[in-house]
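Heads up, the thing below is written out as structure tokens.
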Amino acid sequence: MIIYDVENFPNPLRVRIALAEKNALDTVTFKPVDLMNAEHRSDAFLAKNPFAGVPVLELDDGTFIAECPAITEYIDHHFAGPSLTGETPKERAVISMMQRRAETQVLDAIANYFHHATDGLGPALETDQHKEWGQKQHTRALKGLEYFDSVLAKTTYVAGDAFTVADITLWCGLVFGGFCNVTIPASLIHLQSWHDRVAIRPSITV
Ligand SMILES: N[C@@H](CCC(=O)N[C@@H](CS)C(=O)NCC(=O)O)C(=O)O
């Protein structure tokens, strides 16, 4: 199993945390992609993921799997250990819903703000910016954080009592926030408590 990624970038981190939760980081070969020099836009990389994003998982049979929810689902089913995507139909649906909300309302909103309303990855890579729209994504992200604060007022983790891919996505959204000064507002005490709980998990500290 090979993972093409950039260490410490927010989306690749989703996969690395899932692997760490499964105690499987050592079973995977990581191949760094030189994203800052646009390797992810080369023909060779586009053959792996036509949407030019990392991470990408390559299975032993040569299948390429992109998109973090798909990759983390594969990891969850392939490796033993506590489920990150749920067991029962209800658990699976709730986790999937919350994961998607963490992705659209926080992680993607912050990513869009970063790429469109800030210098992002620099002028060589940010060739199609829409600043006004990007700025609106900042507002959207803050509303997303408020939503998760209200959720975490009632539950230990984003999708209930167990740590799941929904937590991983929200965590990595906040990591992305660290790239562009989007932080947890002081009033969101439930989100902050969740953050402090998650921060000490072994999978986060590796
Ligand atoms: N929806 C994709 C997002 C992947 C993504 O955007 N990754 C970033 C790195 S965190 C990337 O490759 N960016 C390339 C670019 O902005 O040109 C997923 O879930 O994997």
Side-chain angles (χ1 to χ4, degrees), residues 3-22 24-25 28 30 32-36 40 52-57 66-73 75-76 84-85 95 98-122 125-126 134-135 137-149 151-152 156-159 163-186 188-206:
I3 291 177
Y4 301 86
D5 78 354
V6 183
E7 197 174 359
N8 298 325
F9 268 39
N11 281 291
L13 187 59
R14 294 164 73 180
V15 167
R16 287 176 180 248
I17 293 172
L19 283 166
E21 286 285 335
K22 293 286 189 175
L25 269 174
V28 171
F30 289 95
V33 176
D34 187 359
L35 190 137
M36 296 311 291
H40 61 307
V54 289
V56 174
L57 166 66
E67 303 300 334
C68 289
I71 301 172
T72 51
E73 181 164 352
I75 289 167
D76 194 34
L84 295 170
T85 56
I95 293 165
M98 297 308 283
Q99 194 287 133
R100 185 91 183 106
R101 286 180 179 166
E103 193 167 51
T104 57
Q105 308 305 317
V106 176
L107 192 150
D108 287 353
I110 291 174
N112 288 330
Y113 167 67
F114 172 78
H115 287 299
H116 289 277
T118 77
D119 291 344
L121 297 171
L125 290 172
E126 306 293 3
Q135 198 59 48
Q137 300 300 305
H138 187 272
T139 309
R140 180 187 177 93
L142 289 179
K143 281 195 181 146
L145 295 182
E146 282 171 20
Y147 165 72
F148 281 105
D149 185 69
V151 169
L152 291 159
T156 308
Y157 293 105
V158 169
F163 181 86
T164 69
V165 287
D167 297 280
I168 296 177
T169 302
L170 182 59
W171 175 267
C172 292
L174 289 166
V175 168
F176 214 140
F179 283 61
C180 49
N181 293 322
V182 181
T183 53
I184 299 175
L188 304 187
I189 54 171
H190 307 295
L191 181 60
Q192 186 62 54
S193 302
W194 166 88
H195 180 276
D196 298 345
R197 269 196 304 285
V198 172
I200 55 173
R201 292 181 78 79
S203 65
I204 302 290
T205 51
V206 285

Worksheet item: Is the backbone N or O of Asp76 less than 3.5 Å from a side-chain atom of Lys22, with the two atoms forming a donor-acceptor pair by type?
Response: yes
Practice prompt. Drop me the distance from His195's NE2 to Leu152's CG, to the nearest 0.5 angstrom.
Written response: 12.0 Å
Practice prompt. For the pair Thr72 (side chain) and Pro69 (backbone), establish whether a donor and an acceptor sit closer than 3.5 Å, ignoring hydrogens and angles.
Written response: yes
Fill in: Under 3.5 Å: donor-acceptor pair, side chain of Arg101, backbone of Tyr147
no
Worksheet item: Any side-chain heavy atom of Phe179 within less than 4.5 Å of one from Pro10?
Response: yes
Worksheet item: Going by atom types only, do Arg14 and Gln99 share a side-chain donor-acceptor pair under 3.5 Å?
Response: yes
Practice prompt. Hey, could you give me the OG1/CD distance between Thr169 and Gln105, rounded to the nearest 0.5 Å?
Written response: 13.0 Å
Discussion item. Under a 4.0 Å threshold between the charged nitrogen and the carboxylate oxygen, would Arg100 count as salt-bridged to Glu103?
Written reply: yes
Discussion item. Show the nearest heavy-atom pair for residues Cys68 and Val15, with the distance to one decimal.
Written reply: SG-CG2, 4.3 Å
Worksheet item: Would you say the side chain of Asn11 lies within less than 4.5 Å of the side chain of Leu107, judging by non-hydrogen atoms?
Response: yes
Worksheet entry | Close side-chain approach of Ile204 to Val198, heavy-atom, < 4.5 Å | yes
Worksheet item: Is Glu126 reaching over with its side chain to a backbone N or O of Leu121, donor-acceptor style, under 3.5 angstrom?
Response: yes
Worksheet item: Is the backbone of Tyr157 close enough, under 3.5 Å, to the side chain of Asp167 for a donor and an acceptor to pair up by distance?
Response: no
Worksheet entry | Closest contact, heavy atoms only, Glu73 versus Thr85 | CA-CG2, 4.3 Å
Item to complete: Write down the atom of Trp171, the atom of Trp194, and the distance for their closest heavy-atom approach.
Response: N-CH2, 3.6 Å
Worksheet entry | Steps toward side chain to side chain contact (heavy atoms under 4.5 Å, CB included) verdict (Phe114, Asp119) | CA-CA 7 Å; Phe114 172 78; Asp119 291 344; over 6 Å; no
Discussion item. Would you say that Ile168 contacts Phe163 through its side chain, given a criterion of any heavy-atom pair below 4.5 Å between the two side chains?
Written reply: yes
Worksheet entry | Arg16 with Asp5: basic N within carboxylate O range, under 4.0 Å | yes
Discussion item. For a 4.5 angstrom cut-off between non-hydrogen side-chain atoms, does Leu145 reach Val106?
Written reply: yes
Discussion item. Using side chain to side chain contact (heavy atoms under 4.5 Å, CB included), reason through Val151 and Met98 one step at a time and then give a plain yes or no.
Written reply: CA-CA 10 Å; Val151 169; Met98 297 308 283; 4.0 Å; yes
Worksheet item: Among side-chain atoms of Gln137 and His116, is any donor-acceptor pair under 3.5 angstrom?
Response: no
Discussion item. Check whether Asn112 reaches the backbone of Ala109 with its side chain - one donor and one acceptor, N or O, closer than 3.5 Å.
Written reply: no
Response to the item:
When rounded to the nearest 0.5 Å, the distance separating CD1 of Ile110 from CZ of Arg140 is 11.5 Å
Discussion item. If you compare all heavy atoms of His190 against all heavy atoms of Asp149, which two are closest, and at what distance to 0.1 Å?
Written reply: N-OD1, 2.9 Å
Worksheet item: If we only count heavy atoms from C-beta on, is the Leu19 to Ile3 side-chain gap below 4.5 Å?
Response: yes
Fill in: Shortest non-hydrogen contact from Thr205 toward Ala199
CG2-O, 3.3 Å
Discussion item. Quick check: closest heavy atoms across Leu188 and Glu146, and the distance to 0.1 Å?
Written reply: CD1-N, 3.8 Å
Worksheet item: Would a 4.5 Å heavy-atom cut-off, applied to side chains only, mark Leu174 and Phe148 as touching?
Response: no
Worksheet item: When you look at CG of Asp34, are more than 12 heavy atoms from neighbouring residues, nucleotides or ligands closer to it than 6.0 Å?
Response: yes
Worksheet item: Is any side-chain heavy atom of Ile17 less than 4.5 Å from a side-chain heavy atom of Cys172?
Response: yes
